[in-house]
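Along the sequence shown, the residues carry numbers beginning at 1.
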Amino acid sequence: MNLKNYLKKAGKIGIVIIFFLFFTIPAQALTRVEIQTKIAQILAQIRQLQILLDQLRAQERISKGFCGDNIIQAPEICDGTSLNNQTCQSKGYELGKLRCSGNCMQFDASNCWHLSGGGSIPAPIPAPAVPVPTPTPSIPIPTPTPAPALVPPPIPTGRVIYVDKDNKFGNGCNNNWEGTIQQPKCNLDAAWFQSGLEPGDTVILREASNYRNIRLLGSSSGTANAPVLIKPYEGEKIILSGGVQFGIRLDSDSQGDPSYITIQGPIEIYGYEYSYAIGTQANRNYGLKLTDCDIHNVQQGPRWFNVLDSEIKNCNVHDISVNGVQFRGAQNILIENVNVWNVSDNRGPDDSDADGFHTYGGENLVFKNCSSHNQAEDGFDLNANATLINCRSYDNHGAGLKVWRRIQDNYLEKTVTAINSLFYNNGYYAPDPRQGNPGIKVSYESGLNLYNCVVDHNYDFGIQINNNSATSGASQMPIKIYNSIISNSINGAGIMNYHAADAVSSDYNLYFSNYGSDVNGLNAESHSLFGQNMLFNSDYSLANGSPAIDRGTNLSSANFNYDILNVNRPIGSAWDIGAYEKIKYEFKKLFKESRENWE
């Protein structure tokens with residue numbers, strides 16, 4: 001998108017947001033302070049747009065071939081090996097080699113060093129768990145007494161390396177070349193890529209029929225402040241289409257485990273056994289990012305073992321044989337705008353293990369704006385301390401959400417919190433309801449927090465809380481169900497609790513048209529609504545006159561005060577029950593579309 005179109009789009013979205021704020025929300029819904037806060041948010045978004053525009057200008061310079069041709073052209077201050085007669089010494093350092101940054105707009109002094117009164121060159125400070133070799137001086141330098149003061153080098157900005165397997169630039173390719181537009185490299189199954197990348201490097205791939213795979217070793221890691229970035233040339237995509245076992249694989253070497261690696265799409269991966277896998281479960285990989293991907297027709301979607309402080313964003317994973325997205329022992333993971341569908345291992349729902357999202361162990365996994373549908377087994381099968389925010393799980397043959405503890409870690413405590421999420425049309429019929437799969441199944445005394453959710457039209461129960469204490473020997477963890485709609489269960493109660501009633505804390509819910517009974521095994525809910533038609537629209541937003549409007553309780557103590565469209569709660573006198581706050585529906589759709597366009 002060019003600058004003119006960017007500004008035009010920004011202007012339209014700004015008008016829509018201001019129109020929404022001042023003409024669609026009732027006057028009593030926002031105080032002066034809240035209006036001022038929203039205006040400040042708009043101004044912050046405008047500032048963010050300026051940053052995006054600056055990045056766009058830099059991308060345009062690179063895409064037009066100005067940056068990377070070793071010729072300085074305005075507004076560049078350097079280009080590749082052309083440094084405008086600047087050196088480390090002219091920048092105030094004593095030794096080292098000055099480089100040009102990847103966008104040709106600043107110098108990279110990461111290989112320049114100070115000497116305080118003589119002495120050896122101090123080594124750069126390595127990021128945790130990613131060893132960085134000490135630079136070797138090119139001339140003998142006496143050891144000082146006392147030792148020289150350490151002056152940390154600047155954060156490296158890295159190189160920009162172009163790869164042109166199919167000769168799109170028309171300049172040929174050679175893995176021994178520098179990697180500029182004029183002299184691009186050829187492919188990725190070579191040492192320069194697998195073990196030769198440096199912190200801050202950006203690898204730009206021209207589109208090719210198939211790069212076979214992306215394999216990186218620990219010695220091609222980035223750092224927290226200077227990750228390695230792999231991305232397609234502007235307007236193109238990366239295609240990985242089989243021929244080997246792995247689409248993307250990270251393996252450890254003598255330098256450790258590959259970490260701080262961003263793979264930015266568009267990227268399409270298909271035809272493999274594993275689409276994106278960590279080499280062994282013994283690895284500890286930090287700072288991995290995968291964005292804008294389409295993964296399909298593989299046996300396994302992303303399979304991340306012992307990954308920490310990482311994220312997967314804006315991806316579609318579909319037509320998979322085993323698991324859509326799987327984590328084992330992962331910690332501090334953000335999964336945002338990831339949609340998984342059509343995972344099937346060709347087995348029936350009573351013995352299938354084909355889940356949309358699956359975890360074995362894990363701490364602080366956050367699923368935000370994710371969806372899982374039409375899986376042979378469960379939508380979300382979670383043995384982890386995890387949070388679902390604004391998610392949807394529907395049309396799955398197993399449960400929409402399964403929460404459990406496991407014998408392998410002595411039934412370590414696990415709790416899943418679901419906020420503003422929808423679970424509908426899940427499960428299947430079983431003669432013994434305990435063997436079926438409801439909208440939500442809680443097993444092995446695990447914990448569940450269900451806040452402002454909708455659980456509708458599921459087999460056998462809406463929510464099933466099993467008692468497996470004879471097996472696990474564990475005590476039931478707390479279960480909290482508030483501000484939620486539980487309705488239209490097909491072959492069992494809205495909530496079926498096989499534990500003591502005190503195991504569940506629930507109130508301010510709306511129950512309607514559940515099979516047999518709305519609740520079984522719960523204490524009385526003095527503020528809940530029973531037998532009243534929910535009156536919601538096809539997307540589960542509340543219709544005019546719904547009894548759920550203004551009948552919920554304030555749950556801001558649970559660290560959220562927004563609905564599934566990120567509209568602040570409450571709009572009226574109190575929080576609404578269900579995933580949506582009720583405002584005029586057509587304006588709400590407009591707000592959602594405007595927010596998505598802005599992002």
Check the pair N339 / N316 against side chain to side chain donor-acceptor pair (under 3.5 Å), numbers first and verdict last. CA-CA 5 Å; N339 306 302; N316 291 326; 3.2 Å; yes
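- Here the CD-CG distance, from E525 to D518, works out to 9.5 Å after rounding to the nearest 0.5 Å.
- Atom OG of S546 is separated from atom CD1 of I577 by 8.0 Å, given to the nearest 0.5 angstrom.
- Aromatic pair Y580/F536: ring centres not closer than 6.0 Å.
- Note that OH of Y498 is 8.0 Å distant from CG of N520, once rounded to the nearest 0.5 Å.
- Residues Y394 and H373 place their aromatic rings such that the two centres sit under 6.0 Å apart.
- For the two cysteine residues C293 and C315, the thiol sulfurs sit under 2.5 Å apart.
- For the atom pair N483 CG and I419 CD1, the distance stands at 11.5 Å (nearest 0.5 Å).
- A salt bridge is defined here as a Lys NZ or Arg NE, NH1 or NH2 lying under 4.0 Å from an Asp or Glu carboxylate O, and K414 with E363 meets this definition.
- A salt bridge links K402 with D378: the distance from a Lys NZ or Arg NE/NH1/NH2 to an Asp or Glu carboxylate oxygen falls below 4.0 Å.
- The distance from the CD1 atom of I463 to the CD1 atom of I481 is 4.0 Å, given to the nearest 0.5 Å.
- Taking CG of L529 as the start and CZ of F512 as the end, the distance is 12.5 Å to the nearest 0.5 Å.
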